Protein chains: 2
Amino acid sequence: MTATTLHEPAHREALWELEAAFDRGDLVTLFGTCTVEYDGRAASSLGPGARLLVLKPDGSSLVHTDEGRTPVNWQPPGSEHRAAVRDGRLRVRSVRTSPAETLDVRFSVVEQLTAYGVTGGRSVEVIGSEADLKERVLADPALVEDGFEPLASERASDAGPIDVFGRDAAGRPVVVELKRRRVGPDAAGQLARYVSAIEREEPDGTEVRGVLLAPSITDRARALLADEGLEHVAAEPPAGNGDGDADAADADGS
Amino acid sequence: MTATTLHEPAHREALWELEAAFDRGDLVTLFGTCTVEYDGRAASSLGPGARLLVLKPDGSSLVHTDEGRTPVNWQPPGSEHRAAVRDGRLRVRSVRTSPAETLDVRFSVVEQLTAYGVTGGRSVEVIGSEADLKERVLADPALVEDGFEPLASERASDAGPIDVFGRDAAGRPVVVELKRRRVGPDAAGQLARYVSAIEREEPDGTEVRGVLLAPSITDRARALLADEGLEHVAAEPPAGNGDGDADAADADGS
DNA sequence: TACTAAATGTCGGTA
DNA sequence: TACCGACGTTTAGTA
């Protein structure tokens, strides 16, 4: 793990270091005054301002201002970074094909450039996802209702994969759609589509039930469910959800 | 615009600089070996590894590895950053309430810390959005079909706001749902909900038409539309979309 | 590669 | 603040 840093480099210096960093597969940050042009699925243009540019060896680029979780402009992985000096500015361009997209960042001033040698970026395991809720339901089908018997998960249908499919105590087919958080009209619509698909599969006249399993539901979604004769059952994904206490308290240092 | 950089600082040094940077409202980057714990709407835990932590004065935090556009962990704006030294590690914690969420980053080694003084982050104007498509349709209603007359945009309904509402040459109500890109089943469902809502508003038996205006449509979505007696019309948002040539060619520097 | 839906989605507008 | 839908969504899983 190393970090090579240039303070207020001349554009030529920055360029050399950038190209070396790309070759090494480093993670690079650039901070300075720049303009940003994007063209591809959409297009945007950003006037001069102070921004942080992050360039990853997998081709991702991120342009961050001092606000917001979302980068003001970006390029997804799979792009290719190139750098050049043009018209007295340092230009960093990330290009990808399919779709054809170009991100152009032009620095009039580079305050700092740093190249970090990185090794291994493990991916996260998140707890409390819809998949966890599914495990919970399969382990305890009574969460849906007494007598519910799950027969399949991710069951294919004409309308797409059904989270959990089963039968109720009376033998009627039941489509269960799981959501890890409070749901709106879209989820009700999704469930309705799946129920319709199963109704087309089953013999004419078979009653197919639909259950939206989610912590809570908006009024509009509830009305939609009622319209379609569908049901809401309250349940949450296990654990993780809630207090936000990453670990026990201790005061901040000083 | 300034940058204060510490190389391989002792945790205490890093802590002082961090707190000073928070006070100044600086944008901070930390690179080093750290673990990450998140707890809130969900939860996750990440073992030791080399990562880049970005702390923004608006409360946002981003933990980036060397891969991916999406941070491996994060905290949205509105959080509060605090730092401490505990058990021989530098701990940076971002906390927010509503929902209660905590992000805990613990560095065993800090390779580099930089505090950037930033001023003013203008927001981007994107060209080629759904809003632009709406402008296009209102300016040229024949895009929907000859004789279409738009009466309202963002028209309120029982099922939510309708992008464009109008009447066809025969005086029948038409619901138009706009999408800037190729659509799937969800968009078809959305249009169906809006059409149903208008049918409830209109006198019994009134035929209400639904048009999904989008560049293209998947098979499944097309089948859903057919099921509901709805239509697809091909159209794209104006400009921006396409070649990905941010500006004319020139080779990269060397 | 295309389709389908999840996501700690985030973000903006509105009631 | 909650609801609602767009987003250059991104990402993962599957056919």
Side-chain angles (χ1 to χ4, degrees), chain A residues 38-44 60 67-78 96 98-103 123-124 126-131 133-134 154 156-157 159-163 177-187 190 193-194 216-221 237 240-242 244, chain B residues 38-44 60 67-78 96 98-103 123-124 126-131 133-134 154 156-157 159-163 177-187 190 193-194 216-221 237 240-242 244:
Chain A
Y38 154 72
D39 192 17
R41 290 166 292 175
S44 73
S60 317
E67 289 184 338
R69 205 220 62 141
T70 303
V72 69
N73 276 115
W74 68 90
Q75 198 67 286
R96 70 163 174 161
S98 164
E101 292 197 298
T102 304
L103 179 71
S123 65
V124 228
V126 176
I127 297 169
S129 64
E130 184 182 301
L133 179 54
K134 182 169 72 184
E154 303 304 324
S157 84
I162 292 171
D163 285 341
E177 172 62 27
L178 306 172
K179 291 293 172 194
R180 66 175 302 282
R181 62 171 199 176
R182 183 172 176 82
V183 294
D186 54 338
Q190 200 182 338
R193 295 202 306 273
Y194 296 155
S216 59
I217 182 172
T218 67
D219 288 345
R220 203 109 85 178
N241 243 333
Chain B
Y38 154 71
D39 192 17
R41 287 165 293 174
S44 73
S60 316
E67 289 183 340
R69 207 220 59 142
T70 304
V72 69
N73 277 114
W74 69 89
Q75 197 69 285
R96 70 164 175 160
S98 161
E101 293 197 297
T102 304
L103 179 70
S123 66
V124 226
V126 176
I127 296 169
S129 64
E130 183 182 301
L133 180 54
K134 183 168 73 185
E154 303 305 324
S157 85
I162 292 171
D163 284 342
E177 172 63 26
L178 307 172
K179 291 294 172 195
R180 68 174 302 282
R181 62 172 198 178
R182 185 172 174 83
V183 295
D186 54 338
Q190 198 182 338
R193 297 202 303 275
Y194 295 155
S216 59
I217 181 171
T218 68
D219 288 346
R220 203 109 87 178
N241 244 334

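Because the structure is a prediction, the values reported are computed rather than measured. By convention in this document, chain letters (A, B, ...) are assigned in the order of the sequence lines, proteins followed by strands, and residues within each chain are numbered from 1.
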K.L.:
For A:R193, answer base if it contacts any base atom (sugar-phosphate contacts may also be present), sugar-phosphate if it contacts only those atoms, and nothing otherwise; contact means non-hydrogen atoms under 4.0 Å.
P.N.:
sugar-phosphate
K.L.:
Just checking B:E177: base, sugar-phosphate only, or nothing, at a heavy-atom cut-off of under 4.0 Å?
P.N.:
sugar-phosphate
K.L.:
At the 4.0 Å heavy-atom cut-off to chain B, mark where contacts on DNA chain C begin and end, going 5' to 3'.
P.N.:
C:dC3 to C:dC11
K.L.:
Would the distance check show the side chain of B:E101 and the main-chain N or O of B:R41 forming a donor-acceptor pair, the cut-off being under 3.5 Å?
P.N.:
yes
K.L.:
So A:R220, base contact, sugar-phosphate only, or nothing? Heavy-atom distance under 4.0 Å.
P.N.:
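Since only primed, P, OP1 and OP2 atoms lie under 4.0 Å of A:R220, the category is sugar-phosphate.
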K.L.:
Using the closest heavy atom to pick a nucleotide of DNA chain D for each, name whichever of B:R69 or A:I217 lands nearer the 5' end.
P.N.:
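First, find each residue's nearest nucleotide; the 5'-ward one identifies A:I217.
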K.L.:
Select base, sugar-phosphate, or nothing to describe what B:P76 touches, counting heavy atoms under 4.0 Å on all strands.
P.N.:
sugar-phosphate
K.L.:
Which residues pass the side-chain contact (heavy atoms from CB on, under 4.5 Å) test with A:V126, sequence neighbours left out?
P.N.:
B:A42, B:S44
K.L.:
Looking at every strand, decide which applies to A:A187 at a 4.0 Å heavy-atom threshold: base, sugar-phosphate, or nothing.
P.N.:
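If one applies the 4.0 Å heavy-atom cut-off, A:A187 turns out to touch nothing in the nucleic acid.
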K.L.:
Once you apply a heavy-atom cut-off of 4.0 Å, does A:Q190 come out as touching a base, just sugar-phosphate, or nothing?
P.N.:
sugar-phosphate
K.L.:
Looking across every strand, which nucleic acid part, if any, lies under 4.0 Å from A:S44 by heavy atom: base, sugar-phosphate, or nothing?
P.N.:
nothing
K.L.:
Pick base, sugar-phosphate or nothing for A:N73, based on heavy-atom distances below 4.0 Å to the nucleic acid.
P.N.:
base
K.L.:
If we take the C1' atom in both C:dA7 and D:dG5, what is their distance in whole Å?
P.N.:
16 Å
K.L.:
Using a heavy-atom cut-off of 4.0 Å to chain A, what are the terminal contacting nucleotides of DNA chain D, in 5' to 3' order?
P.N.:
D:dC3 to D:dT11
K.L.:
I'd like to know if the side chain of A:R180 reaches the main chain of A:G128, judged simply by a donor and an acceptor atom lying under 3.5 Å from each other, with no hydrogens or angles considered.
P.N.:
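Here the side-chain-to-backbone pair exists.
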K.L.:
Does B:P77 reach a base, just sugar-phosphate, or nothing at all? Heavy atoms under 4.0 Å.
P.N.:
sugar-phosphate
K.L.:
How would you label the contact of A:A221 with the nucleic acid (heavy atoms, under 4.0 Å): base, sugar-phosphate, or nothing?
P.N.:
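Since no nucleic acid heavy atom lies under 4.0 Å of A:A221, the category is nothing.
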K.L.:
Rounding to an integer number of angstrom, what distance separates C:dG9 and C:dA5 when you compare their C1' atoms?
P.N.:
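Between the two C1' atoms, the distance is 13 Å.
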K.L.:
Which residue, A:G68 or A:E130, contacts DNA chain C at a nucleotide closer to its 5' end, judged by nearest heavy atom?
P.N.:
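Nearer the 5' end of the strand: A:E130.
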K.L.:
Let me know, please, whether A:V72 or B:G160 comes out on the 5' side of the other along DNA chain D by nearest nucleotide.
P.N.:
B:G160
